[in-house]
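Since this is a predicted model, take the numbers as computed values, not measurements. Below, chain A is the first sequence line, B the second, and so on; all start at residue 1.
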Protein chains: 2
Amino acid sequence: MNLRDLRYLLAVAEHEHVGRAAEACGISQPTLSVQLRKLEELLGVALFERGSKKVVPTAACEALIGHVRTAVAEADAILAVARGLHDPMAGRFRLGIIPTLAPYLLPLVFGPLRDALPALELEPWEDQTTVLLKRLRAHELDAALLASEVDGPDLASQPLFAEPFLAALPPDHPLAGQAVVAEAELAPDILVLADGHCLRDQALEACGRSGALGHTLRAASLSTLLNMVAAGYGTTLLPALAAGAAQDAGIVLRPLATNAGRTVRIAWRTSFPRRLALDAVGGVIATRLRGFAAGAATGMV
Amino acid sequence: MNLRDLRYLLAVAEHEHVGRAAEACGISQPTLSVQLRKLEELLGVALFERGSKKVVPTAACEALIGHVRTAVAEADAILAVARGLHDPMAGRFRLGIIPTLAPYLLPLVFGPLRDALPALELEPWEDQTTVLLKRLRAHELDAALLASEVDGPDLASQPLFAEPFLAALPPDHPLAGQAVVAEAELAPDILVLADGHCLRDQALEACGRSGALGHTLRAASLSTLLNMVAAGYGTTLLPALAAGAAQDAGIVLRPLATNAGRTVRIAWRTSFPRRLALDAVGGVIATRLRGFAAGAATGMV
DNA sequence: CTGCCATGATAGACGGAGCCTATCAAAAAG
DNA sequence: CTTTTTGATAGGCTCCGTCTATCATGGCAG
């Protein structure tokens, strides 16, 4: 059975006239006659009683026509809804973001994203890298903002911007007097995040420490880490986007001797169909953060 | 858009596997791939994200699939209902019957009709001939039981049985002493039905009277007419099927000298598609009344 | 690391379904 | 009786859906 034939049926039932119904359907009268007859044969019931001046729906037709109307209406609804979904820039976009980035990046890009992609319903999801990748592969996220490369043929990524690290010091720390701090100088009393945060490993690597850090404290979040630094427990390497929050906490920031930092990337499934939305989101973020690396090395945002 | 493609879509969404969905649909995997792609192109949205091991419905697909399910379900409902309507012997059958026939014929044929055509929902409609023909032509009746011929190329009819007339007399009427009554003998004090009843004209014609009957009473129904005869107001010509009711009223019945009577026919639109149901109904009535004419002339039913 | 298996996409060919124009048949209208 | 209206039929054309055969890619195991 064909939806087209059902539309023909409705047209004939409405007009009670094959010729006019055919015209309404945009087909010739013979075509409609033939299709109608085929439908009757398929259903095994007479749908219309052909009189000399009128074609009148039979009782069987009356019994069926409600279902026919619903079926055709649903088909139209499919087309209408699809038309509404037509724009890949529209609809829900679930974006995973690592915890050391989300609170500092989102306030910067929410506005520009809304301006550039008003129909996109952005749903941020904050979690650590491994969780984000798992959810990304499980189709529970559409893309993710990470500070690491992704591997595997099912995922791809693209760098959006470079985020330098800054030395974060308590105001009374000996290094606070220097204009520039060498990463290795931070190593003795560096504080890092808990396991699972990519920033933890990146900070340790930047300052030349191995993974063995039995005596160091481990903060569950960057916010906590900043509080610990401000309280004089030690130093840390801070992603530049968090500079504002650190300064508010009374922490002294100093550029590093090298251009150590991390690269924020957007990652997605290679099979993800809404590449345009993906590129647009990535583009807006990259544009907003353009030139950030240069300015941020001095603590300016 | 084709219902077939919607079924394909549902199959793929269910199996999350093109090959197995194709098997379930009874088509080859390439065919399903092609059709799916065409549907996506038609709708303008990606319906599935093809991964290496799975095809996963996109958000757009999730938004559409409810409508798809409904449309397909309605299409199935059409087929199912049509299958139920498939039997022309089943379903509503609106049968018009003239008032001088209905109360006496229906009790005789209701049982046999129910036995022979259990799926037929018989809806009797009692009205005078002209009204029945109007309703028949307006498709408000499927057939009609009349005592007259029909004309016009849009209607046809077939005789079912002959119904003799009997002389109906008050018990104390002079003619009650005769074994047989000549129609003309009834003319002087004959009572007839109101205008519009075909029996009125037929009775007058049988007893040789013209239409001018200024002084005679006119009953609105055969039942009233019988009461009037029983009360001694006059005589009448009675269709044989009403003999039982007349005798219950204490009326004397006598056979006529001639075999005057009327022929009950079933009439229908020539375009009426359920000829089998029509013939079956007519056949059951004719069979039930077979040999009725011979026996009824003596007042026996 | 390399060959094998599973899976979906693509290509080319074939058959049927749907559509058209032209024509017919029946019935109503003038 | 002719004309008009209306639906049915016939023949031909085009396109769509389907098939088989083949390719491309990613996962897995030896």
Side-chain angles (χ1 to χ4, degrees), chain A residues 1-9 11-43 46-58 61 137 150-156 268-273, chain B residues 1-9 11-43 46-58 61 137 139 150-156 269-273:
Chain A
M1 187 170 46
N2 198 319
L3 271 170
R4 191 191 311 126
D5 297 335
L6 297 185
R7 292 182 199 277
Y8 293 168
L9 167 59
V12 175
E14 182 188 350
H15 291 89
E16 298 196 341
H17 189 289
V18 176
R20 276 189 283 278
E23 188 181 5
C25 292
I27 58 174
S28 70
Q29 168 266 315
T31 299
L32 186 51
S33 284
V34 170
Q35 292 306 107
L36 208 54
R37 193 157 292 278
K38 289 174 100 162
L39 184 59
E40 286 181 321
E41 195 174 341
L42 171 72
L43 296 180
L47 292 170
F48 294 96
E49 192 175 322
R50 277 81 160 175
S52 54
K53 268 311 213 186
K54 263 196 176 180
V55 285
V56 182
T58 62
C61 183
R137 287 196 162 96
V150 297
D151 62 346
D154 56 333
L155 294 184
W268 64 90
R269 295 184 300 278
T270 48
S271 58
F272 183 61
Chain B
M1 188 169 46
N2 197 320
L3 271 172
R4 190 194 311 128
D5 298 334
L6 298 185
R7 292 183 201 277
Y8 294 167
L9 167 59
V12 175
E14 182 188 350
H15 291 89
E16 297 197 340
H17 189 287
V18 176
R20 277 190 280 279
E23 189 181 4
C25 293
I27 59 174
S28 69
Q29 169 265 316
T31 299
L32 186 50
S33 283
V34 170
Q35 291 307 107
L36 208 53
R37 194 156 291 280
K38 289 176 102 160
L39 184 60
E40 285 181 321
E41 195 174 340
L42 171 72
L43 296 180
L47 294 170
F48 294 95
E49 191 176 324
R50 277 80 159 175
S52 55
K53 271 309 210 183
K54 264 196 174 180
V55 284
V56 183
T58 63
C61 183
R137 286 195 163 97
H139 293 76
V150 298
D151 62 345
D154 56 335
L155 295 184
R269 296 184 299 279
T270 48
S271 58
F272 183 62

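- Proximity of A/Ser28 to the phosphate of C/dC19: no side-chain N or O atom is located under 4.0 Å from OP1 or OP2.
- A/Gly152 comes within 4.0 angstrom of nothing in the nucleic acid, heavy atoms only.
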Short heteroatom pairs, N/O only, protein and nucleotides 3-5 of chain C, under 3.5 Å:
none

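- At whole-Å resolution of the value, CG in B/Leu47 and C1' in C/dA9 are 17 Å apart.
- Under the salt bridge (Lys or Arg N to Asp or Glu O under 4.0 Å) criterion, B/Arg269 pairs with A/Glu49, sequence neighbours left out.
- With sequence neighbours left out, the salt bridge (Lys or Arg N to Asp or Glu O under 4.0 Å) criterion links A/Asp5 to no other residue.
- Atom pair A/Arg4:CZ and D/dC15:C1' shows a separation of 11 Å (rounding to whole Å applied).
- Remark: P of D/dT6 and CZ of A/Phe48 are 17 Å apart, rounded to the nearest angstrom.
- Distance A/Leu155 CG to D/dG26 C1': 14 Å, rounded to the nearest Å.
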Close N or O pairs between protein and nucleotides 28-30 of chain C (under 3.5 Å):
residue	atom	partner	partner atom	Å
C/dA28	OP1	A/Ser52	OG	3.4

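- The heavy-atom pair separating A/Pro273 from B/Ala46 by the smallest distance is CB-CB, 3.5 Å.
- Considering CD1 of B/Ile27 and CZ of B/Arg7, their distance stands at 12.5 Å, rounded to 0.5 Å.
- Annotation: proximity of residues 29-42 of chain A to DNA chain C (heavy atom, distance under 4.0 Å) is found for A/Pro30, A/Thr31, A/Gln35, A/Lys38, numbered in ascending order.
- Between B/Leu3 atom CG and D/dG17 atom C1' there is a gap of 15 Å when expressed in whole angstrom units.
- Looking at the side chain of B/Val55, the nearest of the listed nucleotides C/dG8, D/dT18, C/dG18 is C/dG8.
- Listed by residue number, A/His17, A/Val18, A/Gly19 are the residues of residues 15-25 of chain A with a heavy-atom contact under 4.0 Å to DNA chain D.
- Within the model, atoms OG of A/Ser33 and CZ of A/Arg50 stand 7.0 Å from one another, a figure rounded to the nearest 0.5 Å.
- Counting to the nearest Å, the P atom of C/dA27 and the CZ atom of B/Arg137 are 14 Å from each other.
- Applying the 4.0 Å criterion to OP1 and OP2 of C/dT7, one finds that B/Arg50 has every side-chain N and O outside that range.
- Counting non-hydrogen atoms under 4.0 angstrom, A/Tyr8 reaches the backbone sugars and phosphates but no base.
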